[in-house]
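Here the structure is a predicted model, which is why all the values come from computation and not from measurement.
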Amino acid sequence: MQVVADAHREGEVHRQPVAQGPDLGSSPFTSRNRTGGEWAAEMGNKTVHAVRHIGWVPDGSGGYRGQMAVLVKPNGLFGSLYMAAIKPFRYIGVYPPLMRSIGRQWPANAVRRSAP
């Protein structure tokens, strides 16, 4: 199912996309737009419509930090029931190992990125 976002809502601020963003291969997400410091990807199916946003956010000390958000809107009654049913599993079995994995990989990748 392809989802087309409404990009012309009244009162919203729009930035001119620099590029569509990376090809995500077998991921269910499709890149929608990328600017200098932000990237968004979108997916939709019978249960949910989701947008993943990744961007650089000022850290208050003159630098930046990465921030990711996934915004999810259930589709219909089944989507609402499905999201409610899987919520405990996300908080117990998905988010903790995901955050530990990111925590382990981040320092190693930072060293690799800063190497000449």
Side-chain angles (χ1 to χ4, degrees):
M1 169 189 264
Q2 183 175 358
V3 179
V4 179
D6 179 12
H8 300 289
R9 294 186 184 143
E10 182 113 6
E12 290 186 6
V13 176
H14 299 285
R15 297 185 178 121
Q16 182 64 34
V18 175
Q20 180 174 343
D23 178 9
L24 301 175
S26 63
S27 169
F29 284 87
T30 301
S31 287
R32 289 297 175 210
N33 64 27
R34 178 178 55 89
T35 64
E38 298 179 308
W39 169 62
E42 180 179 41
M43 65 85 64
N45 58 32
K46 292 180 181 180
T47 57
V48 297
H49 173 206
V51 176
R52 175 173 50 187
H53 177 267
I54 299 174
W56 289 111
V57 179
D59 66 5
S61 65
Y64 290 86
R65 63 180 170 82
Q67 183 171 313
M68 181 180 85
V70 179
L71 309 168
V72 178
K73 178 182 176 187
N75 282 334
L77 178 62
F78 179 72
S80 296
L81 294 172
Y82 173 77
M83 293 302 294
I86 67 168
K87 185 175 184 175
F89 300 103
R90 290 191 336 254
Y91 282 89
I92 294 169
V94 175
Y95 298 148
L98 176 63
M99 297 309 293
R100 284 192 300 270
S101 172
I102 291 170
R104 284 190 305 269
Q105 293 175 18
W106 191 270
N109 288 333
V111 169
R112 191 180 74 232
R113 285 189 305 267
S114 64

Checklist entry - Near F29 CZ, under 6.0 Å, is it more than 12 heavy atoms from other residues, nucleotides or ligands? => result yes
Donor-acceptor pairs under 3.5 Å, side chain of residues 83-104 to any protein atom, not counting sequence neighbours: which ones?
{"from": "R90", "atom 1": "NE", "to": "Y95", "atom 2": "OH", "distance (Å)": "2.9"}
{"from": "S101", "atom 1": "OG", "to": "Q105", "atom 2": "NE2", "distance (Å)": "3.1"}

G79 and P74 have their tightest heavy-atom pair at C-CB, 3.6 Å
Closest non-hydrogen contact found for A50 with V70 is CB-CG1, 4.5 Å
Output for pair (N75 CG, H49 NE2), nearest 0.5 Å, gives 8.0 Å
### Query
Are V57 and L71 in one and the same hydrophobic cluster, where Ile, Leu, Val, Met, Phe, Trp and Tyr link if side-chain heavy atoms are under 4.5 Å apart?
no
ask   = When clusters are formed by joining ILVMFWY residues with side-chain heavy atoms under 4.5 Å apart, either directly or through shared neighbours, do Y82 and V72 land in the same one?
value = yes
Query raised in the report: So V51 and E42, side chain to side chain contact (heavy atoms under 4.5 Å, CB included) or not? Walk me through it.
Result: CA-CA 4 Å; V51 176; E42 180 179 41; 4.3 Å; yes
### Message
Does E38 form a side chain to side chain contact (heavy atoms under 4.5 Å, CB included) with N33? I'd like the steps, not just the answer.
### Response
CA-CA 8 Å; E38 298 179 308; N33 64 27; over 6 Å; no
